[in-house]
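Some notes on the structure that comes next.
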Amino acid sequence: MIITLKRKATKQEEKKVVDKIKKLGYIPHISKGVDITIIGMVGEFAEKYKETFESMEEVDHISEIEKPYKLASREFKTENTVIKLPYGIEIGGTKVPVIAGPCAIESKSVLLETAKIVKAAGGTILRGGAFKPRSSPYSFQGLGERGLKYMKEVGEKLQMPTISEAMSVEEVPLVSKYCDIVQIGARNVQNYDLLKACGKQKKPVLLKRGMATTIKEWLLSAEYILAQGNYNVMLCERGIRTFETATRFTLDLNAIPVVKKLTHLPVVLDPSHGIGIREHVPSMAKACLAVGADAIAIEIHPRPEEALSDGAQSLLPAQYNKLMEELKVLAKALGREI
Ligand code: PEP
Ligand code: MN
């Protein structure tokens, strides 16, 4: 339920309500407007305490959130969430940062070489996996912590926030220690222990949609992270599985306006995994921008033929450079900026 404090409630009045929520064993989720503060109290049997809060003089009224996902819903927070990253980068504002880099961190030198290409053309966030969810157990599984160390070093050198995937609860503190965003991959979107672990740490989380996840399930997964008190969650559409086999997945562009209406969380789009074919990634990246992406995630490799993972969908540097120029022009026309 949502507890709306009376207008212009003081810090002390707010604290009284917050303390009461904590005393009852719930986490208070505070959302502040100009004069109005609302506090979400969610969890099993929360509604039982409706009258307790209604009778507090600091409280104006209590309302219910209709949607099954509460903190992720626009009912809880109407304004878009803007996620602040190091070096002044934001996700969810007018600027649309491009997140780019190799699928996997392969070596320090290749990562640095790639990051320089990414940055030179205007990409601002560096991506790369150290723990890789490969379909085959015989494929390259990633460099693990050593890769994360390279990521940190290269990110700091080039002043770029970094993102990398955690596949298990144990990997969350590692990714969180070395990187600026923790990525949860498509295959783990409903790994609830993993989501809870992401909610308990402080770094922003990028939650990929699973290849067979409905929008409602995806938002409920985001709710798992938010419910632990980490509000810096962004969603990432990366393609769903349909009957079509000519492309790797089907990038569900329909989902974007729908999701944006339902949630205040920023939405990132990943055309690389979505289509899986290098030649067609630029077309889809432009579509992502047009449909309202808050950031675009792209795989790029200096020599995709040598890539240890996802070479077929990784852009060549020249393709990436051209795409970035096109995205800049398109963003302007859309009232946004790369
Ligand atoms: C990735 O970003 O490299 C990745 C493995 O993505 P997904 O989880 O969307 O397959
Ligand atoms: Mn990949």
Side-chain angles (χ1 to χ4, degrees), residues 91 97-106 110-111 114-115 118 123 125-137 139-144 147-148 151 161-168 171-172 175 179-191 194-195 198 204-213 217-218 221-222 233-242 247-253 255-256 267-278 280-281 284-285 288 293 295-316 320:
I91 299 183
V98 170
I99 303 168
C103 179
I105 302 160
E106 300 169 355
V110 176
L111 185 63
T114 315
V118 169
I125 302 171
L126 183 62
R127 64 144 287 145
F131 302 106
K132 293 304 304 174
R134 304 305 301 276
S135 301
S136 163
S139 302
F140 175 61
Q141 303 285 307
L143 295 182
L148 294 176
M151 199 65 167
T162 55
I163 172 167
S164 201
E165 176 169 352
M167 295 197 296
S168 67
E171 288 166 9
V172 171
V175 175
C179 300
D180 301 300
I181 307 172
V182 180
Q183 175 172 321
I184 296 301
R187 291 153 190 84
N188 273 314
V189 66
Q190 290 182 310
N191 181 338
L194 183 57
L195 300 176
C198 285
V205 180
L206 178 141
L207 177 64
K208 287 200 156 192
R209 182 182 184 184
M211 49 199 88
T213 312
E217 288 164 341
W218 189 18
S221 289
V233 177
M234 58 200 108
L235 301 163
C236 177
E237 163 62 39
R238 47 77 74 206
I240 54 173
R241 194 151 264 172
T242 65
T247 54
R248 189 176 177 193
F249 294 99
T250 297
L251 192 64
D252 185 10
L253 295 179
I256 311 315
V267 183
V268 178
L269 274 101
D270 174 349
S272 300
H273 292 87
I275 196 156
I277 305 162
R278 178 185 310 131
H280 301 311
V281 170
M284 293 312 291
C288 291
I296 302 172
I298 296 169
E299 288 187 342
I300 162 197
H301 196 286
R303 291 164 296 282
E305 70 284 1
E306 292 174 15
L308 298 179
S309 173
D310 284 349
Q313 68 194 33
S314 298
L315 292 185
L316 290 154
Y320 168 76

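Just so we're clear, the structure is a prediction, and the values are computed from it rather than from any experiment. We count ligands from 1, going down the list as the structure has it; atoms in each ligand are counted the same way.
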Start with the C-alpha distance between Ser221 and Ile184, add both sets of side-chain angles, then the distance that settles side-chain contact (heavy atoms from CB on, under 4.5 Å), and finish with yes or no.
-> CA-CA 11 Å; Ser221 289; Ile184 296 301; over 6 Å; no
With sequence neighbours excluded, residues passing salt bridge (Lys or Arg N to Asp or Glu O under 4.0 Å) with Arg303 = Glu113, Glu306
Taking only residues two or more places apart in sequence, or in another chain, which ones meet Arg248 in a salt bridge (Lys or Arg N to Asp or Glu O under 4.0 Å)?
->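 Result, salt bridge (Lys or Arg N to Asp or Glu O under 4.0 Å) vs Arg248: Asp310.
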Of the non-hydrogen atoms in [X] and [Y], which two are nearest, and what is the gap between them?
| X | Y | result |
| --- | --- | --- |
| Lys132 | Ser309 | CE-OG, 4.1 Å |
| Leu194 | Val172 | CD1-CG2, 3.5 Å |
| Ile105 | Met151 | CD1-SD, 3.8 Å |
| Tyr320 | Val118 | OH-O, 2.7 Å |

Does a side-chain heavy-atom distance below 4.5 Å link Asp180 with Ile125?
-> no
Heteroatom count (protein N, O or S) under 2.8 Å of the Mn ion (ligand 2) = 4
Within the 4.0 Å heavy-atom sphere of ligand 1, strictly under, residues =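 Residue list for ligand 1: Cys103, Arg127, Lys132, Pro133, Glu165, Gln183, Gly185, Ala186, Arg187, Lys208, Arg238, His273, Glu299.
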Qualifying residue, where the test is side chain to side chain donor-acceptor pair (under 3.5 Å) with Asp270 and the options are Lys208, Arg127, Arg238 |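 It is Lys208, the one option of Lys208, Arg127, Arg238 that forms the side chain to side chain donor-acceptor pair (under 3.5 Å) with Asp270.
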